[in-house]
Every structure is written in structure tokens, then in C-alpha cells.
Amino acid sequence: MEQQTMTGLPQREAAAPGTVRDSAGYEMTSGEIAHARAFVRRFLDVARSQHGLTVSARAVEIAQLVVSELATNVCRYAPGPCLLDLETDGALLNIAMWDSGPVLPAASPADPTRVGQHGLELVLMLCTSFAIHREPVGKRIRVQIPLRDGSLVQSAW
């Protein structure tokens, strides 16, 4: 039997017991960035209200900012289809974003006079882990954010 996500869409693989996950797909345009942020907020609200997970208000804000920055990069450098996967075990929020662009992102060197292009720097500062994986088509970026203030939990995800 196929497991269902919170939105009722079939999952690609089974989640571990106690794990909450959901996915969304976007045809990434600038208007979709707000939808991706809202998806993260709803996911964390459901994790709190229906699964009893502790999620700090700060974690919700950070998760939305991180997804917004990742989605903005997709809009600018790899417009087209994008998949956003969210998963949590109650301690960490795992965020994975796939896009079809072949170019791997890189943070720009520090330059106090540069205006803009700080998104990846923000993501690297806010997340406890960051990884990029090439896919047969495109790439997948994976990051983790602690759900509780003051926790710095590391994972092999």
C-alpha cells in the first residue's frame, strides 16, 4: 500500500516511524517563491498541531527564508520545474530542493561593497548542514535546520 503525504500525494519512499514529510512541485517563477514559503509554513504548522512536534517561531522564519533564497536561485539560474521535499523527525527540518539546472551554486567571495547575491551566504549561515548532489537531470540541494531554539543537532542526512 502506498503511503500518503499530508497533501494526499503518494510518497516516493516510506518515511521512518515518527517522521513527517511532504513534497510540492513548482514551475518556478517569481510568484512561486511565495507559494514555496507558504508550503513550508503550513508543513511546520501541521507538524506542530497534528503531530505534536516542538517547532520554534524562529525555526519557522528561518525555514521560510532558506526556502525563499533557494527558490530565488532556481528562478534566476534554473527556471523551470522544481521539487521541494520537507521532512522532519522532530529535531531537524530537512529541506531538499531539486531543479533541472546543471550549474552548481557557489557562494560569492566576501565583498562588503557588493549589493545583492548574498542568498547562498545566508543559507550557509542559517543551516546546520548543506550539500549539493548532481542528479541525472539537474541537481538537488539538501539543508537542515534545527526546529528548537538553541539546538545544534548534526545528522548524516
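- Between the side chain of Lys139 and the main chain of Ile132, no donor-acceptor pair closer than 3.5 Å is present.
- The backbone N or O of Ala36 sits nowhere less than 3.5 Å from a side-chain atom of Arg41 that would complete a donor-acceptor pair.
- Put simply, the side chain of Arg142 does not reach to within 4.5 Å of the side chain of Asn94, judged on heavy atoms.
- Here the CD1-SG distance, from Ile145 to Cys127, works out to 4.5 Å after rounding to the nearest 0.5 Å.
- In terms of heavy atoms, Glu27 sits closest to Gly80 at OE2-CA, 3.2 Å.
- The backbone N or O of Pro81 sits nowhere less than 3.5 Å from a side-chain atom of Trp98 that would complete a donor-acceptor pair.
- Going from atom CG of Leu84 over to atom CE of Met28 covers 7.5 Å, rounded to the nearest 0.5 Å.
- Shortest non-hydrogen contact noted between Val20 and Phe43 is O-CZ, 3.5 Å.
- Not one N or O on the side chain of Arg134 forms a donor-acceptor pair closer than 3.5 Å with the backbone of Leu104.
- A side-chain N or O of Arg37 and one of Ser68 form a donor-acceptor pair less than 3.5 Å apart.
- Residues Cys75 and Ile33 meet the side-chain proximity criterion, which asks for heavy atoms closer than 4.5 Å.
- Under the 4.5 Å side-chain criterion, counting only non-hydrogen atoms from C-beta, Met97 is in contact with Cys82.
- Under a 4.0 Å N-O distance rule, the pair Asp85/Arg140 qualifies as a salt bridge.
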Working note: Val46 + His51, criterion side-chain contact (heavy atoms from CB on, under 4.5 Å); need CA distance, chi angles, decisive distance, verdict.
CA-CA 7 Å; Val46 167; His51 298 276; 4.1 Å; yes
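- The OG atom of Ser56 sits 8.0 Å away from the CZ atom of Arg48 when rounded to the nearest 0.5 Å.
- Nearest heavy-atom pair across Ala59 and Leu44 is O-CD1, 4.5 Å.
- In plain terms, the two heavy atoms of Leu147 and Thr88 that are nearest each other are CD1-OG1, 3.0 Å.
- Rounding to the nearest 0.5 Å places CG of Leu53 at 8.5 Å from CG of Asp89.
- To the nearest 0.5 Å, the span separating CG on Asp99 from OH on Tyr26 amounts to 14.5 Å.
- Thr72 contributes atom OG1, which lies 10.0 Å from atom OH of Tyr77 (distance to the nearest 0.5 angstrom).
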